[in-house]
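The block underneath contains the structure these notes are about, expressed in structure tokens.
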2 protein chains.
Amino acid sequence: MKRTKPTSTIDPTRAEHCRVLGAVLDRIGDKWTIMVVAVLTNGPARFTTIMREIGGITHRMLTLTLRGLERDGLVKRTAYATVPPRVDYELTEMGRTLITTLVPLAQWGEANWQAIRRAQERHDAQFA
Amino acid sequence: MKRTKPTSTIDPTRAEHCRVLGAVLDRIGDKWTIMVVAVLTNGPARFTTIMREIGGITHRMLTLTLRGLERDGLVKRTAYATVPPRVDYELTEMGRTLITTLVPLAQWGEANWQAIRRAQERHDAQFA
DNA sequence: CGGCATCCGTCGCGATACTG
DNA sequence: CAGTATCGCGACGGATGCCG
């Protein structure tokens, strides 16, 4: 077997997976998106309700986050022409499937965050 | 049943899940971490090798990313006192378990990115 | 080869104020 | 109640250079 260039050992399939995964994380890895999705998991909710439930998010960021989710087809926005205005947000089918894929990651977090904590302390202790 | 404050309908368990998930995403949601982990999935690798395989990452960012992963106990660093220096990086057991939890998310991405694309175009078209 | 320090541009996000 | 506009800061990350 001839091996002229043994530099790259990543198989293309894995590389492709990785690129898509990176794109997804880029999209949902921001500060608020998953919080909003989490709240909407409980069912449709109004703007102010979401804001209260999350706690700490600003008016502006909730607007932007919801716009992004709506644009990607993960959230459906329904505005009622009443006074005062009323707008409902709810997850689309695609939005709901997204959360299920995050469950393993959340479980991993719960299972490992203490170990990570300890690893950090051990590491930091070396350069005290 | 008395409901004095019907504001929050999130059950605490889910809220807890969400907080941890947010922390995890905060940690691995940066620009390079998962790329590095992906490369190391193929086995131990040297600094320069990782850099070549990822492509586009700067010297500095690879250093910082590896430091972070090492600190969290996700990557093990092994330095050999040779000239020139040689340093091997490899995933720890915890690091390997992490990737498996990301598989569903990657699959979701591959299954849905076209739908997301279309949703975006539809959305953008409304405000042409 | 691998690591660290410095400089600097970009941009995410918060604060605030105004509209329908 | 919901959305938009403007300003400003701070963190992130790229470029570069020096060191063991």
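Every chain is numbered from 1, with letters handed out A, B, ... down the list of sequences.
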Where B:Pro104 and A:Pro104 come nearest, the two heavy atoms and their spacing: CG-CG, 4.1 Å
Rounded to whole Å, how long is the line connecting atom CZ of B:Arg86 with atom C1' of D:dG20? 19 Å
When the distance from CG of A:Leu62 to P of D:dC1 is rounded to whole Å, what number comes out? 14 Å
Can you tell me the distance, in whole Å, between the CG atom of B:Asp30 and the P atom of C:dC11? 18 Å
Checking all strands, does A:Tyr80 fall into the base, sugar-phosphate, or nothing category for heavy-atom contacts under 4.0 angstrom? nothing
Rounded to whole Å, please give me the gap between CG in A:Leu64 and P in C:dC13. 9 Å
Can you tell which of B:Glu121, B:Gln126, B:Arg122, B:His123 makes a side-chain contact (heavy atoms from CB on, under 4.5 Å) with A:Arg71? B:His123
Using whole Å, what does the distance between atom P of nucleotide C:dT10 and atom NZ of B:Lys31 come to? 14 Å
Kindly determine whether B:Arg67 and B:Glu70 satisfy salt bridge (Lys or Arg N to Asp or Glu O under 4.0 Å), including the steps that lead there. CA-CA 5 Å; B:Arg67 281 290 163 280; B:Glu70 189 195 355; 3.5 Å; yes
Take atom CZ of B:Arg96 as the centre, draw a 6.0 Å sphere, and report whether it contains more than 12 heavy atoms from other residues, nucleotides or ligands. yes
Using atom CZ of B:Arg60 as one end and atom C1' of D:dG17 as the other, report the distance to the nearest whole Å. 13 Å
Mapping A:Leu66 and B:Gly56 to their closest nucleotides on DNA chain D, which lands nearer the 5' end? A:Leu66
Once you round it to whole Å, what is the distance between C1' of D:dG14 and NE2 of B:His59? 14 Å
Could you tell me the separation between the CZ atom of B:Arg67 and the C1' atom of D:dG13, rounded to a whole number of Å? 17 Å
Counting only side-chain nitrogens and oxygens, does B:Thr63 get under 4.0 Å of the OP1 or OP2 atom of C:dC4? no
Contact under 4.0 Å: A:Arg46 side-chain N or O vs D:dA2 OP1/OP2: yes
